[in-house]
Amino acid sequence: MRHGVLLAVLLALPAGMPGAAEPPPQHARTAPGPYPTIARGRYLTRIADCKACHTADNGVPFAGQRAVPTPFGTIYSTNITPDKTTGIGRYSDEDFWRAMHLGIDRTGRHMYPAFPYQFYSRMSRADVLSIKAYLDTLDPVRMENKPVELPWPMSMRWVMKVWNGMYFDPGVYQPDPHKSAQWNRGAYLVQGAGHCAACHSPKNMLGAPDLDNPLGGGMAENVFAPNLGNGKRDGLGLWTAADIAEYLHTGSNRWSAAAGPMAEVVQQSTQYLSQADVRAIATYLKDLPKQSDDSGDDEAPAHHIDEDVMARGKAVYVDNCEGCHMRDGRGLADVFPPLADTSAIQAAQAQTLIEAVLVGAQKPATRARPTGLRMPSFADKLDDGEIAAVITYIRNAWGNHASPASTGDVANLRSILRNGPPPQS
Amino acid sequence: MARRLPAVDVVLVGFGWTASIIAQELTDAGVQVLALERGEFRDTVPDFATTHIQDELRYAVRKQIFESPKRETLTFRNKRSQQALPMRHLGSFMPAAGVGGAGVHWNGQTWRFLPGDFVIKTRTTERYGAGFIPKDMQLQDWGVTYEQLEPHYDRFEYLCGISGQAGNINGTLQPGGNPFEGPRRRGYPLPPLKRAAATELFDHAAKEVGFHSFPCPAANTSKPYRNPLGVQMGECTYCGFCEWFGCGNYSKASPQTTILPVLLKKDNFSYRTHCDVVRVNTDSTGKRATGVNYVDIHDQEYEQPASMVVLCAYAQHNVHLLLLSRIGRPYDPESGTGVVGRNYAYQITSSVDVFQKEILNPFMGAGALGQAVDDFNTVNFDHGPHGFIGGGYIALWNTGGRPILQHHLPKEAPTWGSGWKKAMHENYLTATSIATHGSVMSSRQNYLDLDPTYTDAYGNPMLRLTFDFRDNELRMSHFLTEKAKLIAQAMKATSIHARFRKGPYSIVPYQTTHNTGGAVMGSDPSTSFVNPYLQSWDVPNLWVMGASVFPQNPGYNPTGTVGALTYWAAQAMRRYLKNPGPLVTA
Amino acid sequence: MRATPLLPTSRRRFLRAAALVPAAVAAGCASPSGHRSGAPQHAFFTAAEAEFIDAATNRLIPNDELGPGANQAGVTGFLDVQLAGAYGRASRWYMRGPWADGTDEQGYQSRLTPAEMYRAAIAAIDDKCVALRGKRFAALDDKAQDDVLAQIESGSLGLHGVPEKQFFQLLWQNTQEGYLADPVYGGNRDFAGWKLIGFPGPRYNYLDEIEHYGQRYTRPFVSLAGRDPDNQREA
């Protein structure tokens, strides 16, 4: 299940301070186009979440050099400030369009799909060029790009040509005439700039998202990005459009709170969605079908839940969790997310919960909810068996139904967090 | 040699409650603010997480959440004829170190002072005559009135999400609240906390005796809360690890849970930790502060220039810094003149332990979960027959039942051995204690100055505290304790144990961290260091926050008033920034 | 905000920060039900000192019909670790001269750290017991030990060079700590102290119980390190 990392890891990478005020737009260095284009570009740069990947830890915004560990090796994001030698200062509009639309850089090399051009390809030329117009207003920063550290054959750029042939279907989004303009706008954002499927889709062993089931849930780094279909148990079936909008704008709603990679997406990207766009996304998502496979059905697949594990899990819960999540698993409205009756808790895989317990979690610090409430790590306090038991309990208490977590799952993730991913076999 | 750093607009000494409020307000006004904190950065997670914070030994007993006397302490004596000796470990009071200051480890007992507290000298003189004031008592009006502070009390209460029951809204008494409180513009942001078994018993007993019992105002949230800055808090779960601990579930107001999530994201705010400020610098005229010098963790000294300096450290540390910096005239107890170090005051407390039969589960508590009566606070009764000035509240606080430090044993119980075990077994769950919390008026003999013998970690003279309870305070406390006994007896007690506070003051047993004065406010520069806006009379770009400005210490816990005064001063600072200079002409 | 220590807000940095937090568990030494095997190894006490502490603390908190005393609760091991560590060294105290006796109100003025105080006091008490009663303290019978402790408490044993009242206060305070602190510190073994009084441990939510006036709380005892091994299930 780690194959998704190649793509999905990107969204896990934070940049700088949460919600830090944007640097004020610099005066234009190159012909910037009219102001409305720059403003739209700035907006879309956020919605496409460019800064998150193109900024190193404590690095200069957009100057790249963020290490992206993948099971295949390390990729570094590139400098997208308008520096002429190390950035994209020499990119013509056509160069930039080709990069975003086809995944080919100015020198004609194929880029790795860690850069989600598969999705950006759906964006209109006007939108793509508005992003360039915005990036062109940034201070140029001289920052050499680091070479990728991939083993052969992944180091061979032409390999990506093959990959593209198999998994890449370039082309701007084509509206569905049977759907409303709002629906189409939502689809455009979800499939294009928002690149939601980069995390929320099942991936094959080469890290390619399943285009037939783009929002069916999948692994993203160490966590499971739940399906966004309308199943009531583990999808968004109980959420109203307003719930979706609130979640994307603030980081939480009555059903759930963003944590892990999604917290960063909300913090850096979706909180800035306009009211119209967030409603459009909600309209589109609410129209998605239920997931048909067993991971997304309302009826929980039959799992054998060991009563002894439940009893041990409950004890761990009572001793460690109810100070915030409360005895009945309802959490505290808007503060500590509920565990009972929520889709994220009953997602097809328990990885997200295991990571939250091992690493801790933090809600996004948004303009609407600046606090960024955190859950501590229990890695030093609970052993693998206790963590597996409490997660199995949470996934099956208070009317929840989901597969158990195993001690091995916890041990495996603990080892990855401590030592990094094991070498690809 | 101090390294000179780039100048900032405003430098704050300390990064606790007052610094957080000032920083939030002044960054909103557009200036660049830097806070210098001697301790470390701390936040709910990971520092106060529920995985480990409920550790009585580590935090309350070994005191790991407080300042370390090894680095900074003071010397103490009861009177001038004694040699002052260092307070070698913490005891009577527990100043904090670290971001959030004492706002991290406080209980959350958040009071407003009474309108009469701010004009106590005028009021006492009018009602009882000037001769009623003891000769060595340096009673002073504050130079600010309750009416002026009311909007700022309101702001602090809404910042913190105070749980409570209003007693007086715009002059209309409210059922269930404190009928003696000053009029407030609106109710508390949250309803009162749940009652514990013991506070319920107290409530019935106090009413039976004829007193006005009400739930204490608490900075422990009775419901989830979002404050005007948008910062969110959880709901208090009555874990009983409040005072001397950080809160693990975001339900006690602290800078971390009310301001920092917003403040720390601002471009025009920054802070540095492990920076011990050792001097406020002034120019050659002595009338303008030019910044501060601080020493970092590597013992490197830095000069931080600033256009404005605000002292936001703990009360006596502010005074120590002024003395070391030779700003303002040091107080001389011989002549009663001078202002820096003048009017140090404290709190006088006592308790009545109550032993009865009902299971009280004392460990289910919250720092400000209490029920109080205010009938005998400073100006709420006729002092004529008693001949003392001041008063206090009587409350049953159910803060927790931590086994090492929070158990009560009957007077006759053996202090160790099988008898002790038996007493612990029989009383832990069923005993409780009523507290009295009284005012300490300022005295000519109680003051702060520099110690001639002992030096701190930087070779600077230590602060010297000369303090004792005066006869006025001891008689007042005795009076309060007698009233508390009446309530205790009405609590169906099988026995009670009145622990009267007796002199001399001892720095050993914990009493309260309510040290006040030393740089007091007022409208007369000969008896105050700061004007009514907390601006130094002598150095108009230097300001002092916190309880160091209290001219004497009223009968309540100080934090509510510290918060209100800080907002009040911040408003004045905004005026000052537009037109720098003295806001009051002496 | 810039150029200053930042909140570890990014996930990666948070992970590292979390890993660095010294867990209370790590500060402790034993599981709540840790048990001794063979002759105890001590970090601070000599064998003779440990015998004294075993004897003295077990008189201060004896084993009786109400439950285990200091010995079964592991108080000696607790004290040993405390005195070997930062507390024993008075690492947070101001310990520079000049030294003077001071008044009771001025508090601790001894130049001895707690560890030094124990070492000096135990030797002095044993010497005194040998001189007066012909045996070291640990070899005296219960009654005689109680008498000696009462003399130290009142300051009437007549020790040279050790403030005996202060030592008794320290010993009694530390003994209570060992009996009542969280079991992660090695004392309060099997929750002996908390079972005696009815304190359930560091739980964090009594919302459902606080208004059930007069009712006994029934959840099992818990430590920062968890529950008893035989009590790890909830129905």
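Here is how names work: the chains are called A, B, and so on, in the same order as the sequence lines, proteins then strands, and each is numbered from 1.
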J.: Chain B heavy atoms under 4.5 Å from A:D319: which part of the residue, side chain, backbone, both or neither?
T.: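 No part of A:D319 comes within 4.5 Å of chain B.
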J.: Can you tell which part of A:L373 gets under 4.5 Å to a heavy atom of chain B, answering side chain, backbone, both or neither?
T.: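 Answer is both: backbone and side chain atoms of A:L373 are under 4.5 Å from chain B.
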J.: Report the residues that fulfil side chain to side chain donor-acceptor pair (under 3.5 Å) with B:Q54, sequence neighbours left out, ordered by chain and then residue number.
T.: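 Applying side chain to side chain donor-acceptor pair (under 3.5 Å) to B:Q54 gives none.
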J.: Tell me every residue that passes salt bridge (Lys or Arg N to Asp or Glu O under 4.0 Å) with B:K194, counting only those two or more places apart in sequence or in another chain.
T.: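 Residues passing salt bridge (Lys or Arg N to Asp or Glu O under 4.0 Å) with B:K194: C:E211.
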J.: Determine the option with the most heavy-atom pairs under 4.5 angstrom with chain B, choosing from A:G323, A:C324, A:G372.
T.: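 Going by pairs under 4.5 Å, I would pick A:G323.
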J.: Tell me the closest heavy-atom pair linking B:L577 and B:A29, and the distance in Å.
T.: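 Heavy-atom minimum between the residues: CD1-CB, 4.4 Å.
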J.: What class does the angle between the rings of A:Y134 and A:F62 fall in, given that below 30° is parallel, 30 to 60° is tilted and above 60° is perpendicular?
T.: perpendicular
J.: Does the side chain of B:T110 reach to within under 4.5 Å of the side chain of B:Y188, using non-hydrogen atoms?
T.: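 No; the side chains remain at least 4.5 Å from each other.
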J.: Give the interface residues of residues 237-259 of chain B toward chain A, defined by a heavy-atom separation under 4.5 Å.
T.: B:T237, B:N249, B:Y250
J.: Please list, chain by chain and in numerical order, all residues satisfying side chain to side chain donor-acceptor pair (under 3.5 Å) with B:R42, sequence neighbours excluded.
T.: none
J.: Assess whether salt bridge (Lys or Arg N to Asp or Glu O under 4.0 Å) is satisfied between A:D334 and A:R254, documenting all intermediate values.
T.: CA-CA 6 Å; A:D334 219 16; A:R254 62 195 165 124; over 6 Å; no
